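These numbers come from a predicted model, not from an experiment. Note: hydrogens, waters and symmetry copies are ignored here, and every other heavy atom, side chains too, is used.
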Amino acid sequence: MTPNPILEARELHTYFLVPQSPFEALMRRPHLSVKAVDGVSFALMRGETLAIVGESGCGKTTIARTLIGLEAKTKGEILFDGKEVALRDGQTAIGLKHLRQRAQMIFQDPYESLNPRATIFDIVAEPLVVHGLAKGERERTAAVTTALEDAGLRPAEHYFMRYPYELSGGQRQRVVIASALVLQPELLIADEPVSMLDVSIRAEILNLLRDLRQKRGISVIFITHDLSTVAYFADRIAVMYLGRIVEIGLTREVLRDPQHPYTKALLSVAPAPNPRLRRKRVILQGETPNPINLPSGCRFHPRCPVAFDQCKIKDPQLTVLSETHQAACLLLEK
Amino acid sequence: MSDHWKLFLRNLSEFWKAFRRNKLGLVGGFLILTALLAAIFAPALTPHSAVDIMRDSNGRALTFASPATHSPLGTDDAGHDIWALLIYGARISLMVGFLAGFISMFVGSSLGIIAGYFGGAVDTLVMRVTDILMVIPDLPLMLVLVATIRQMDLKVSPLSVLILVIGLLYWTSAARLIRSQTLTIKERQFVARARAIGAGHWHIIRKHILPQLMPLIVTNTVLILSTAILIESGLAFLGLGDPTQPSWGTMLNFAFSRSAISNGAWWFYLPPGIAILWVSLGCILLGNVLEEMMNPRLTAHYLEGDKGMIAITDKETGL
């Protein structure tokens, strides 16, 4: 395994401008923006799985979409295999089209991410068509068959001429995975791949993803709000709150010994396998603040159970706790 | 691949099964089909042509002969057989209507897709042009355009002028409709997925946007055909048709200008009127039924079969 990261984000920002009326523009009101991703840095090693967890609206999906170029980044750098992601290929840059051949995204909703008027064969073969690979009929059929069978749809021919509406949610997600696999990508970005599925099917899909990762050595960014699937799946965890990573570390470290008060609160309310082991629950007060007007100082302070005066003023940076573990809290900086 | 062929046949038979259930749609299809067949097989349906003059045994032209004296539909002021005029006129009326309808639908769909998909300045430009065309009264504009183009002596047949003017002015509503639909499809996740795969604009429009729009386009083409036929008749009635190739509108014009009404020659003006009604009613019935079938919100719930509610069944196992 090479030590260089397959994917690196440096100070990544993605802002969405709030539409302004001509009157507001005329009055020179400042242009407001939703700070969906606000300074995120991380590195993903080859073969590694990084889970990004956080509640709704914390910017996890925006990160995924920015990484694959579906949203334009406002600031910062994305490096894929040591090369900066740009519009076109260059000496030190990798073009979007090339990136999208080597990195694939799995979307959250398998009911929406398949074209209802395309057959399963066409859906799985589409990446090959787009990138002009496997041009011959026989070659293409072979690639699609392998991808479908690797995704657990056997026998593959049985599914070729079917439409998405004829399949169940779990089968559809397998089709999505097959179409992501057909190009043999090095990186898989999975945006809540199991959250729309029945609990009984979740484990199957997660097992499938884990097997594929081991078999093919694919690196995975796994985005979820469900901490119980994370422990099972990820090597490392990054906890996000309002567009920023507040804690990042090995799965074991973060789950056993959470340092940020937000992580502690999240973990305390995650369902435990043994209900007799009652833990003290930290219930967060209030709602997530508006990402247009972020709170001053530490963005978590209005809801933090252990906040003190300084928190309203000073914005904490990630503090190194161990070689692999970092968290952003003023209590840790001292 | 034979698999694709099988799939096509399966889809076709499913469509027919659903279509068959709706009687109005069948009536509409029947009306259009009979008109088309009459136009295509016109020479087989009458021994006369549109220019033959009927004569009695003394060799005098039969003018304003009623259906009783000359079957099946009598003659006009010059002794032409009305039935022959009618079915040969169907060729002109239907050709102008269909071509103009297809042109307007093609222009409207293309502009609508481009405006909706690319958005921004392109969208603003296309939509403002659409707005401008929408607020100009159609009929006067067409009259002026057709008359002016005729004056220019461009060596194009009068019918082509008619087809182009109708086709290039009647795309506004289609463009708006297609644009709005494109806007919603563009935001759906399978389009985002196609982009994430690395697909270009052309590929996305062709493979993902257009197939979702196809039902809408087909339905509106059928509906716009009736408009185009009505407009053609209107323009021809006002004297802008081609007198050497009379359509139903031209027949009405002749009937009006040659005092068929004061002569009581109802067999001169009623048949073309009924023919226009026949075809446009057929288009509207068929179009509405297709719209209902293609738009799931307008149909009954899919669990309601022929006999009310039915159980969810698996197609293969039949459970």
Side-chain angles (χ1 to χ4, degrees), chain A residues 61 64-65 67-71 95-133 137 140-141 157-158 160-166 172 175-176 179-180 182-183 185 189 191 196, chain B residues 1-15 18 119-120 124 181-182 184-218 293-296 302-303 312-319:
Chain A
T61 297
R65 292 176 66 95
L67 288 176
I68 200 91
L70 287 179
E71 307 292 350
L96 263 186
K97 178 132 185 174
H98 208 151
L99 169 82
R100 287 166 174 177
Q101 187 177 345
R102 295 171 66 184
Q104 291 288 319
M105 182 156 172
I106 295 175
F107 288 89
Q108 179 175 9
D109 187 349
Y111 293 88
E112 257 292 297
S113 57
L114 299 177
N115 182 344
R117 289 181 187 273
T119 59
I120 303 303
F121 183 90
D122 287 339
I123 289 170
V124 178
E126 191 178 16
L128 297 171
V129 176
V130 165
H131 291 281
L133 300 166
E137 182 81 35
R140 191 163 285 171
T141 312
E157 298 80 32
H158 185 62
F160 279 0
M161 286 297 131
R162 291 180 170 237
Y163 286 104
Y165 71 84
E166 297 174 81
R172 286 181 206 211
V175 171
V176 173
S179 85
V182 80
L183 288 178
I189 299 171
D191 181 12
M196 299 289 286
Chain B
M1 209 154 93
S2 67
D3 275 357
H4 283 106
W5 183 237
K6 259 187 247 161
L7 190 75
F8 174 74
L9 287 181
R10 195 183 85 193
N11 289 345
L12 203 68
S13 83
E14 267 172 29
F15 174 81
T124 315
Q181 198 62 26
T182 307
T184 67
I185 295 170
K186 174 174 89 160
E187 296 302 323
R188 290 180 66 178
Q189 210 174 47
F190 57 83
V191 175
R193 182 184 150 267
R195 281 212 287 150
I197 287 171
H201 297 311
W202 174 234
H203 178 92
I204 291 176
I205 289 178
R206 209 163 43 99
K207 293 281 182 184
H208 296 280
I209 308 257
L210 203 56
Q212 321 298 321
L213 288 174
M214 229 37 222
L216 195 68
I217 293 178
V218 170
M293 282 172 65
M294 312 260 189
N295 185 350
Y302 73 99
L303 289 181
I312 302 170
T313 54
D314 186 288
K315 271 191 190 145
E316 291 198 340
T317 59
L319 286 171

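Shown here for B:P215 and A:R117, the closest heavy-atom pair between the two residues is CG-NH2, 3.5 Å.
In this structure, the portions of A:L70 lying under 4.5 Å from any heavy atom of chain B include both its backbone and its side chain. For A:H98, no part lies under 4.5 angstrom from a heavy atom of chain B.
A heavy-atom distance below 4.5 Å is found between the side chains of A:Y163 and B:N11. Contact of the A:N115 side chain with the B:R188 side chain is not registered, since no non-hydrogen atoms from C-beta on lie closer than 4.5 Å.
Scanning for side chain to side chain contact (heavy atoms under 4.5 Å, CB included) contacts around B:R193 gives A:F107, A:S113, A:I123, A:E126, A:S179, B:I197, with sequence neighbours left out. Residues that satisfy the side chain to side chain contact (heavy atoms under 4.5 Å, CB included) test with A:D109, not counting sequence neighbours, are A:Y111, A:E112, A:M196, B:Q189.
Heavy-atom pairs under 4.5 Å with chain A were tallied for B:R10, B:M214, B:H203, B:Q212; the largest tally goes to B:Q212.
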